[in-house]
Protein chains: 4
Amino acid sequence: MAVGTLERPKKRERTQLQLIEAAMRVFAEKGIGGAPVQAIAHEAGLANGTFYNHFATKHELIAAVVGHLMDTVSDQIAASVRGLDDPAEWVSVALRRFAEKAREDPIWGNVTVRLGSGVTDVSERITANMTRDLDEGIERGRFKVPTRQAAADAVLGVGLMGMLSASSGRTGPEHASHISAMALRSLGIDPTEANEIAHRPLPPIPEE
Amino acid sequence: MAVGTLERPKKRERTQLQLIEAAMRVFAEKGIGGAPVQAIAHEAGLANGTFYNHFATKHELIAAVVGHLMDTVSDQIAASVRGLDDPAEWVSVALRRFAEKAREDPIWGNVTVRLGSGVTDVSERITANMTRDLDEGIERGRFKVPTRQAAADAVLGVGLMGMLSASSGRTGPEHASHISAMALRSLGIDPTEANEIAHRPLPPIPEE
Amino acid sequence: MAVGTLERPKKRERTQLQLIEAAMRVFAEKGIGGAPVQAIAHEAGLANGTFYNHFATKHELIAAVVGHLMDTVSDQIAASVRGLDDPAEWVSVALRRFAEKAREDPIWGNVTVRLGSGVTDVSERITANMTRDLDEGIERGRFKVPTRQAAADAVLGVGLMGMLSASSGRTGPEHASHISAMALRSLGIDPTEANEIAHRPLPPIPEE
Amino acid sequence: MAVGTLERPKKRERTQLQLIEAAMRVFAEKGIGGAPVQAIAHEAGLANGTFYNHFATKHELIAAVVGHLMDTVSDQIAASVRGLDDPAEWVSVALRRFAEKAREDPIWGNVTVRLGSGVTDVSERITANMTRDLDEGIERGRFKVPTRQAAADAVLGVGLMGMLSASSGRTGPEHASHISAMALRSLGIDPTEANEIAHRPLPPIPEE
DNA sequence: GATGAATGAGGATTCATTCAT
DNA sequence: AATGAATGAATCCTCATTCAT
């Protein structure tokens, strides 16, 4: 190709990305089980054989999808939260980012939820971040909750269901804030304050 | 057989039930997709062909499992709640019953959650009941929530995640009450009251 | 049953006949291959297990159907032809009887043709009678044909196709005579005479 | 491969043809119903899975066999008849070609007849061509027949039965002419003339 | 790298037949 | 005899994966 050296090393990655994104589209529609490799390759505009030039097994693709899902948001969120001091705000920001993203990119939302409630890998990674924040908040006395487990269930639950509604288009633009507020209330934050925190402007996502 | 007339007419139903229960066990272990009909039939102590004397397709079995799941609890809950007047208590009782049942019968819990977050049918049926209660509470001013959708997301979310933790044995005996309390708080009930409601003794399940 | 002794010994036979007739109905609709024993038994108003009280295998039923088909007509035809002297008339009568019967009882016609062109047993038995008549006619110089085989092909061919049209309702009341005339012409009978023979009144069927 | 460019584009088609031809061999031996896809694939020297790279269902294969059967001859016949002016000769040529082909390629003959008298598709397509020729002959007064239906029954009948005898090796080299003559006689052609027409040399098959 | 035909083990479904009641 | 549940071999079809080009 004339453009030359600059894009050569990326071609492989680009094709992989094509496959990952195609996979998400197919997963969103037919569920993760019901998605033949052929369908994914075809959706990506490639022949089925090509798939195996990029992923050794279907499993590996799923792992890649999971990874991609995480990279897309989880870390960004972690970063965007870095400057903030209040655990309540951490939770609020994370929840809103997830929900917002799910509304903007329903396919992403759908697949994230499906994987999040099924594949251990994903749920663990999501949970890990969440749990760390919750623990900190509990320790500091910011959250008043019966147990860590109950807190995790509540926050994760609202988060996932909120994403699900968001990605199926059943929600308005405020939805992210709403579920965020509800989560905070369940963590023992006073309703008025919860509402206020849930409506603060989101901090900017720092450049990678 | 000596038992005689009493069990004759039920033979067919009993076998179906065997299959449904076997299916739940296998589903809980291998997920819903990864369960060959043969495995289910074998788990039920039957030959694979027998399966098809009772269900026309695997899909039909899944539907039956769903139906069975619902019948097992949903209606009991509805009944057990009937005498109560406070929407907050309805929600609390329902949530606790689900969580408790999930702890007692982890397989049931596991399968219910998996189906509840996957199969449209189930989630709709669960949601329908929940939503009715929530609406009533919202109308009466008992719940203070941003939107119906957010309320549904919160309650359903805690419910499902709570069942999941319960059925994986990560929880203590109080867990049902805990998540119930958190749900009530997110609905705008005062923490102290929420806690009190969540710990009231469960009303007895009326005879069928 | 009050009628008592007289019909007891026949009950078994009656049930068998029910099954045979049910089989013909199902065969006519779905072809002979595509007819599960269950479907046949059910069509006969019996449970599938009952089938095996009357026929040891499905094959045996088919044989019985074939036998029944033959008994119904072949022998009657043979008998009805007995008094006649002209081989041309034998052929004409046989052909017309078959076609007529097919028109009156389309199911019978349909099944006879299907079996006649498939199951060796049937075609052989049909052919045997036909061939005997043809041979006689050839020997006597009544038929002028290139070879016995060609003659058999012609007569059997018109016969089967004629039955097929008749049983699918594509024909008028004269059709039996028409194909009969055509067969005679192909056997070398003069058209005028062929026509006359084909329209003679059919001899009565003698009592069994 | 050294042969190179010449055979590349045909690979897929060649495999399909292999399957179609294998199918005909198996059908001829075991009947159409009694032919497992595995058997067909194996007969074609392929794995069973490969079958489904070429035909979505077994039914689709049967359709392809039918199509292939038709293409093999029907069109050639139509073409080879094109120059001729006498409807009687059309019928004669068509009938002889079919019968001859059936003698040369018994498998083809066998399968054609089985499908022709069973599968609606085939019989219709065969009939359509035949009927057109017959109609023309009737209109022009060349054929004297009671009804179109009777004519069709006669010609189709001799044709099919003739092919059947031919493909089971019961016939001599003249058989095609013989049945052709018989058909013409049944259509009202004078025996002497019928015989003459039936023995005229077959017109050459034009290049495609 | 890309292609798409080929592979074959795995899973769903059908159906003739047996058997306890 | 009748019943209908149970059986399991046979069959259709799917799909992850390999391979020659």
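No experiment lies behind these values; they were computed from the predicted model shown.
Looking only at distances, no side-chain donor or acceptor of D/Arg25 sits under 3.5 Å from a matching main-chain atom of D/Ile107. Here the side chain of B/Arg114 pairs a donor or acceptor atom with the backbone of B/Ala28 at under 3.5 angstrom. In this structure, D/Lys58 contributes its side chain and D/Ala35 its backbone to a donor-acceptor pair below 3.5 Å. Listed for the B/Thr50 side chain is no donor-acceptor partner under 3.5 Å among the backbone atoms of B/Leu46.
Nucleotide F/dT18 forms a Watson-Crick or G-U wobble pair with E/dA5, both donor-acceptor distances falling under 3.5 Å. Searching all strands for a Watson-Crick or G-U wobble partner of F/dT11 with both distances below 3.5 Å returns E/dA12.
Atom C1' of nucleotide E/dT21 and atom CZ of B/Arg14 are separated by 13 Å, given to the nearest angstrom. A straight line from CD of D/Gln16 to P of E/dG4 spans 15 Å, rounded to a whole angstrom. Atoms CG (D/Leu61) and C1' (F/dC13) sit 14 Å apart, rounded to a whole Å. The separation between B/Lys30 atom NZ and E/dG11 atom P is 8 Å, rounded to whole Å. In this structure, NE2 of C/His42 is placed 15 Å from C1' of F/dA2, rounded to the nearest angstrom. Protein atom CD of D/Gln38 is 14 Å distant from nucleotide atom C1' of E/dG11, rounded to whole Å. Rounding to whole angstrom units, CG of residue B/Leu19 and P of F/dA5 are separated by 13 Å. To the nearest angstrom, P of E/dC15 lies 17 Å from NE2 of C/His59.
The number of heavy atoms from other shown groups lying within 6.0 Å of CD (A/Glu60) is above 12. In the displayed structure, B/Glu29 atom CD is contacted under 6.0 Å by at most 12 heavy atoms of other residues, nucleotides or ligands.
Nearest-nucleotide positions on DNA chain E for A/Ala47 and B/Ala35 put A/Ala47 closer to the 5' end. Taking the nucleotide of DNA chain F with the nearest heavy atom to each of D/Gly33 and B/Leu46, the more 5' of the two is matched to B/Leu46. Place B/Gly49 and D/Gly49 on DNA chain F by their nearest nucleotides, and B/Gly49 ends up nearer the 5' end.
An OP1 or OP2 oxygen of F/dA1 is reached within less than 4.0 angstrom by no side-chain nitrogen or oxygen of C/Thr15. Considering only side-chain N and O atoms, D/Tyr52 lies nowhere under 4.0 angstrom from the phosphate OP1 or OP2 of F/dT14. Close to E/dG1, at under 4.0 Å from its OP1 or OP2, lies no side-chain N or O of A/Thr50.
Between the side chain of D/Asn53 and the base of E/dA6, at least one donor-acceptor pair of N or O atoms lies under 3.5 Å.
Set against F/dG8, F/dA6, E/dA12, the side chain of B/His54 has F/dA6 as its closest nucleotide. Side-chain proximity of C/Arg12 to the nucleotides E/dA16, E/dT7, F/dA1 is greatest for F/dA1. Distances from the side chain of D/Lys58 to the nucleotides F/dC13, E/dA12, E/dT7 place F/dC13 closest. The nucleotide whose nearest atom lies closest to any side-chain atom of D/Asn48 is, among E/dA5, F/dT14, F/dA16, F/dT14. Among F/dA5, F/dT7, E/dA5, the nucleotide with an atom closest to any side-chain atom of B/Lys11 is F/dA5. When distances are taken from the side chain of B/Thr57 to each of E/dT13, E/dA6, F/dG4, the shortest belongs to E/dT13. Picking from F/dT11, F/dT7, E/dA16 the nucleotide with the shortest atom distance to the side chain of D/Pro36 gives F/dT11.
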